[in-house]
Amino acid sequence: MVDVEKIRADFPILHQQVYNNPLVYLDNAATTQKPEVVINAVRDYYLTVNSNIHRSVHYLGQQATLAFEESRQLVREFIHARHQHEIIFTKGATESINLVAGSFGRQFVREGDEIVISAMEHHANIVPWQLMCAERGANLRIIPFHPNGELMMDAYRELLNDNTRLVAVTHVSNALGTINPVKDVIALAHGRGIPVLVDGAQAVPHMKVDVMELDCEFYCFSAHKMYGPMGVGILYGKEEWLNKLPPYQSGGEMIRNVTFEKSTFGDLPFKFEAGTPNVADILGFRATLLYLNTIGMNRIAAYEEELMKHALDRLRAIPQVRLVGDSPHRAGVISFLIEGIHPYDAGTVLDKMGFAVRTGHHCAQPVMDIYGIPGTVRISLGLYNTREELNAFTDALNRVIEMFR
Amino acid sequence: MVDVEKIRADFPILHQQVYNNPLVYLDNAATTQKPEVVINAVRDYYLTVNSNIHRSVHYLGQQATLAFEESRQLVREFIHARHQHEIIFTKGATESINLVAGSFGRQFVREGDEIVISAMEHHANIVPWQLMCAERGANLRIIPFHPNGELMMDAYRELLNDNTRLVAVTHVSNALGTINPVKDVIALAHGRGIPVLVDGAQAVPHMKVDVMELDCEFYCFSAHKMYGPMGVGILYGKEEWLNKLPPYQSGGEMIRNVTFEKSTFGDLPFKFEAGTPNVADILGFRATLLYLNTIGMNRIAAYEEELMKHALDRLRAIPQVRLVGDSPHRAGVISFLIEGIHPYDAGTVLDKMGFAVRTGHHCAQPVMDIYGIPGTVRISLGLYNTREELNAFTDALNRVIEMFR
Amino acid sequence: MSIQEIENQIVSEFEQFEDWLDRYNYLIEMGRTLPMIDPKYKTDSYLISGCQSRVWLYAHHEDNKLYFTADSDAVITKGIISLLIRVLNGQSTEDIIQAPLGFVDEIGLKEHLSPTRANGLVSMIKQIKLYALAYQTKNKQRNDPSHEQHG
Amino acid sequence: MSIQEIENQIVSEFEQFEDWLDRYNYLIEMGRTLPMIDPKYKTDSYLISGCQSRVWLYAHHEDNKLYFTADSDAVITKGIISLLIRVLNGQSTEDIIQAPLGFVDEIGLKEHLSPTRANGLVSMIKQIKLYALAYQTKNKQRNDPSHEQHG
Ligand SMILES: Cc1ncc(COP(=O)(O)O)c(C=O)c1O
Ligand SMILES: Cc1ncc(COP(=O)(O)O)c(C=O)c1O
């Protein structure tokens with residue numbers, strides 16, 4: 001089992017007071033805190049080997065390049081990809097999705113084609129497809145979900161047809177917490193030869209992910225949501241598919257040859273990494289993965305499952321609380337409403353009590369529209385949260401209910 | 001005058017040995033080193049207020065948001081822009097240029113239109129235009145330069161015509177060091193109502209830049225080339241022009257409203273900032289600007305000019321050295337060849353002597369093609385370099401020449 | 001009382017409270033006493049849309065003085081609005097236009113005023129000042145013989 | 001001598017040098033003694049393009065053994081090539097295919113072998129192994145009666 005006190009000691013930011021109350025950080029789906037080893041890795045990089053990479057004849061540049069490519073190797077291992085060059089560094093999950101929407105769209109999407117997404121996507125996995133479809137005369141088709149927050153798989157099956165070019169679904173919903181049956185989603189799409197992008201931003205922090213087992217064509221996530229530095233995202237793509245896509249951004253690094261008549265592009269992964277990469281934070285992310293590997297993703301998942309169950313039990317015991325999304329397959333996130341209290345009011349007062357929660361639509365407005373609500377209160381768990389924090393939170397919630405009565 | 005010993009004390013990485021020789025870092029055009037205040041600012045962010053911004057009800061999120069927007073304000077002041085919302089955070093100069101090429105192209109470029117760039121651009125200011133022109137049936141026109149590395153302004157004048165949609169030129173050439181007369185370039189374009197993008201990646205570290213005085217429509221640069229963290233770029237755009245461009249990437253943060261039928265976008269600057277921004281490094285960049293302001297860009301420019309003159313004198317005194325690019329208007333960069341010695345050989349041996357220089361085409365292959373050479377040796381200066389380092393460098397160069405004789 | 005005097009009064013009222021929660025309790029109370037907006041103005045045309053809470057605002061003027069009623073779906077927002085209305089109701093357009101309204105910050109509610117928090121309040125203050133400006137302009141035109149009267 | 005024996009020989013030669021610059025001086029010397037490639041092979045079809053230095057490589061085989069000549073525009077690259085050729089010349093295709101060629105790393109030239117340094121050397125080793133593989137396959141087909149002979 002995870003020794004949570006030991007883990008908490010690794011995260012200096014957690015040990016502070018907010019408005020004279022101990023900080024209880026329950027906004028992990030927005031961004032997680034970072035263990036000191038990660039903060040130090042970024043610092044050490046700048047103190048020792050900072051330099052531009054890949055074309056350096058000098059010592060610093062060589063050290064930085066080696067460490068940078070080691071990070072890529074570690075990401076590959078972490079998500080169990082086949083090849084190192086299937087790992088593309090971006091600035092975040094949003095950019096990873098924009099990259100695929102842009103490059104895939106340009107290459108493969110024509111008038112009348114269809115892209116399938118689900119009704120519970122984060123805006124980052126809606127708007128890029130929406131804009132690309134608008135530009136190319138294609139149509140966006142939406143997989144609906146049941147009131148408990150589970151995808152309607154029958155409806156999905158019926159959405160797939162000969163015009164479907166790509167399916168893009170979230171692995172875990174950031175608004176509802178649902179873990180989607182992505183393996184089935186992928187298998188059904190593959191039955192018709194359709195490639196699938198999985199938005200793993202809310203999955204990777206909470207469970208072991210194996211992209212070869214999932215067999216998805218693309219998988220993306222952000223380092224900052226899994227205890228890594230800001231400014232780093234990952235796009236995994238199957239070699240075969242990445243090779244088929246045209247470059248997205250262009251500039252230095254990703255070039256083989258430039259003349260004013262014609263430029264040719266480098267091999268994977270460089271073809272998709274234009275400009276000076278964020279070496280410092282990518283090395284910081286390497287420290288994150290080493291840290292997570294030491295604890296073990298399966299143990300983290302088991303610990304968080306316990307925690308989640310406890311939180312749900314406590315919340316269900318408060319009569320005024322109504323869960324939004326209630327699938328038994330859940331990770332990381334619990335969204336709820338409190339009878340008669342606006343989420344924004346609840347969040348404001350909880351903040352003053354030391355609890356960092358998120359309120360609003362969580363960048364998933366369509367989900368809120370479906371439930372006909374303006375937003376929810378959302379708590380989201382990390383590996384450093386404790387049962388005691390959750391007890392304190394539900395106690396605080398009762399006080400909030402009292403205040404607004 | 002700049003007290004260089006005091007400044008060197010601010011940069012911990014400089015005080016190290018490489019292959020038993022003191023490190024002399026002369027690769028500042030690739031990336032600069034970071035003062036400790038910047039490294040600490042990133043660290044402090046993660047230790048105290050790390051959180052996702054802009055939509056937080058909680059304390060950490062509010063602190064981070066305020067600091068984030070203060071950084072934007074400081075960037076505005078630093079480049080003397082009119083409005084704070086004219087400052088867009090990107091991941092680097094390359095992305096800034098891709099953003100404009102992508103959004104401007106989609107909105108304003110049609111078949112037969114022309115984009116004008118110069119023959120001395122970095123690949124980052126060539127390939128995005130080249131790809132955009134290819135996609136839209138437009139043509140790329142090239143301003144040639146004189147053998148000494150100065151733009152041919154007469155030829156430029158003749159390139160401008162009614163089909164010209166945009167001019168994109170570098171403020172300072174990263175391969176030749178030339179400071180281009182961008183004010184004249186801009187005025188001539190404006191004479192025909194043509195907007196201008198200036199690539200300031202190699203200018204901002206070396207001189208005071210005033211975008212209102214230049215009157216350019218777009219200006220871009222990278223934090224990591226001016227003593228700031230990696231992973232941060234700036235796009236300045238005139239409000240009027242930024243308002244005219246469609247969004248580039250899409251997702252969270254940049255949205256006003258999302259439904260599956262239609263999404264609407266936020267106001268400037270958010271419209272161009274999709275996804276979780278790199279808050280940590282942007283706060284680090286704020287520390288950079290405070291640091292540079294304390295010293296003063298005019299004093300930095302004066303110091304570096306002295307240094308540059310000294311370096312040129314010493315290099316000119318070596319008969320085997322041939323400067324590549326020899327404009328009297330020069331900043332930051334000196335490129336040269338050594339008779340009979342391949343740049344890569346020279347760079348390899350210089351590295352073993354402790355000198356970090358760059359060799360190759362410096363992501364400006366067309367420049368090398370024009371001179372008919374495969375590449376150069378390039379030294380590039382920072383505010384922490386000294387006359388003594390340059391003396392040691394030219395002495396080392398003489399030893400290299402001896403070795404290969 | 002002048003705007004500044006009422007602001008000072010509010011600031012000293014809030015100084016009584018040492019605890020954050022007491023301040024918010026007071027705000028919630030204030031929110032409940034907000035002079036209710038006539039339901040016919042609680043429509044989209046009077047809506048000031050923020051990110052998390054919605055605000056409806058109706059203004060009318062008498063003798064060059066402005067009067068407001070408002071509502072919000074969030075009680076704390078209503079509380080702050082009620083303070084704003086207490087400060088601004090019955091003041092002259094000139095005074096409203098010039099009011100810095102520093103008290104919101106002074107009583108520790110700065111986060112509700114930060115430009116990046118689209119909670120409706122910032123937009124509401126902007127809207128109030130725009131109303132005042134519009135009335136002032138209309139008034140000037142009316143009193144200025146070089147302008148024809150339109151309304 | 002076997003590939004491993006020559007590699008060991010080279011490693012001990014380099015162990016003599018304490019100073020980096022002496023190693024490079026030796027490499028430069030080696031580079032100058034590189035058996036020159038016939039000018040007719042110094043064309044684009046024999047070019048192995050790296051990022052910073054160019055390498056031309058020509059291979060031929062006799063009795064299931066491979067022989068190489070090469071050139072580069074950079075002397076240090078030539079030096080390393082000459083070491084490679086010293087190790088591989090006259091070896092069998094099988095041995096060449098299997099050679100780990102660890103000596104380049106062992107004599108401290110790892111940076112010249114890192115996959116992200118496109119200096120021509122990595123591509124050259126890849127090319128050499130491809131040649132060996134191609135000759136081997138051709139040979140097998142020739143000796144295998146189930147295949148027709150093509151050339
Ligand atoms: C499911 C999901 N996808 C994508 C994103 C976008 O991630 P980022 O803002 O780091 O690009 C998020 C972040 O909230 C998310 O929760
Ligand atoms: C003139 C110029 N423009 C653009 C760039 C690209 O900057 P970045 O790689 O930080 O995106 C560079 C970097 O070398 C440069 O020198």
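If you measure heavy-atom distances from B:Glu135 to chain A, the contacts under 4.5 Å come from the side chain alone. For chain A, the nearby part of B:His224 is the side chain; its heavy atoms alone come within less than 4.5 Å. Contacts between B:Thr32 and chain A at a heavy-atom distance below 4.5 Å involve the backbone alone (N, CA, C, O). B:Ala101 does not touch chain A: none of its heavy atoms, backbone or side chain, sits under 4.5 Å away. Residue B:Gln63 does not touch chain A at all, counting heavy-atom pairs closer than 4.5 Å. Only the backbone of A:Val49 comes within less than 4.5 Å of a heavy atom of chain B; no side-chain atom from C-beta onward does. Heavy atoms of B:Leu350 lying under 4.5 Å from chain A are absent altogether. For B:Asn52, the parts lying under 4.5 angstrom from a heavy atom of chain A are both the backbone and the side chain. Looking at B:Pro277, the atoms closer than 4.5 Å to chain A (heavy atoms on both sides) all sit in the backbone: N, CA, C or O. With a 4.5 Å cut-off on non-hydrogen atoms, A:Ile97 does not touch chain B at all. Proximity to chain A (any heavy atom under 4.5 Å) is shown, for B:Phe11, by neither the backbone nor the side chain. In this structure, no portion of B:Leu99 lies under 4.5 Å from any heavy atom of chain A. Looking at B:Asn50, the atoms closer than 4.5 Å to chain A (heavy atoms on both sides) sit in the backbone and in the side chain alike. Neither the backbone nor the side chain of B:Lys352 comes within contact range of chain A; no heavy atom of the residue lies under 4.5 Å from a heavy atom of that chain. Residue A:Asn125 does not touch chain B at all, counting heavy-atom pairs closer than 4.5 Å. Only the backbone of A:Glu261 comes within less than 4.5 Å of a heavy atom of chain B; no side-chain atom from C-beta onward does. The contact between B:Leu60 and chain A is made entirely by side chain atoms (from C-beta outward), counting heavy-atom distances below 4.5 Å. Looking at A:Thr48, only its backbone comes within 4.5 Å of chain B, counting heavy atoms on both sides.
Remark: A:Asn20 CG is loosely packed, at most 12 non-hydrogen atoms of other residues, nucleotides or ligands lying under 6.0 Å away.
Residue B:Cys363 comes nearest to A:Gly252 through the heavy atom pair SG-CA, 4.0 Å, listed as atom of the first residue, atom of the second, then distance. For B:Thr359 against A:Val57, the heavy-atom pair with the smallest separation is OG1-CG1, 3.4 Å.
A 4.5 Å side-chain heavy-atom check between A:Val357 and B:His58 finds every atom pair outside the cut-off. Side-chain contact between A:Ser250 and B:Asn98: present, with at least one pair of heavy atoms (C-beta onward) separated by less than 4.5 Å. Using a 4.5 Å heavy-atom cutoff, the side chains of A:Asp369 and B:Thr259 are in contact. Residues A:Thr31 and B:Thr276 fail the side-chain proximity criterion, which asks for heavy atoms closer than 4.5 Å. A 4.5 Å side-chain heavy-atom check between A:Gln249 and B:Lys91 finds at least one atom pair inside the cut-off. Residues B:Asp281 and A:Met230 fail the side-chain proximity criterion, which asks for heavy atoms closer than 4.5 Å. The side-chain heavy atoms of A:Ile13 and B:Leu47, taken from C-beta on, include no pair separated by under 4.5 Å. For the pair A:Tyr46/B:Pro12, no side-chain contact is recorded, criterion being any heavy-atom separation below 4.5 Å from C-beta on.
The greatest number of non-hydrogen atom pairs below 4.5 Å with chain A, out of B:Val127, B:Val18, B:Ile117, B:Ile282, is found for B:Val127. Ranked by heavy-atom pairs under 4.5 Å with chain B, the list A:Gly233, A:Ala119, A:Ala280, A:Pro246 is led by A:Ala119. Ranking A:Ala134, A:Ala93, A:Gly354, A:Gly275 against chain B, the residue ahead of the rest is A:Gly275, based on heavy-atom pairs under 4.5 Å. Of the listed residues (B:His122, B:Lys225, B:Arg106), the one with the most heavy-atom contacts under 4.5 Å to chain A is B:Arg106. Between chain A and the residues B:Asp27, B:Asn28, B:Val232, B:Val42, the largest count of heavy-atom pairs under 4.5 Å involves B:Asp27. Note on A:Lys262, A:Arg43, A:Glu36, A:His15: by heavy-atom pairs under 4.5 Å with chain B, the leading option is A:Arg43. With chain B as partner, the option from A:Pro229, A:Pro128, A:Gly61 having the largest number of non-hydrogen pairs under 4.5 angstrom is A:Pro128.
A donor-acceptor pair under 3.5 Å is formed between the side chain of A:Gln365 and the backbone N or O of B:Val258.
Between the side chains of A:Tyr59 and B:Gln16, not a single donor N or O lies within less than 3.5 Å of an accepting N or O.
Here the CG-OG distance, from A:Leu131 to B:Ser263, works out to 7.0 Å after rounding to the nearest 0.5 Å.
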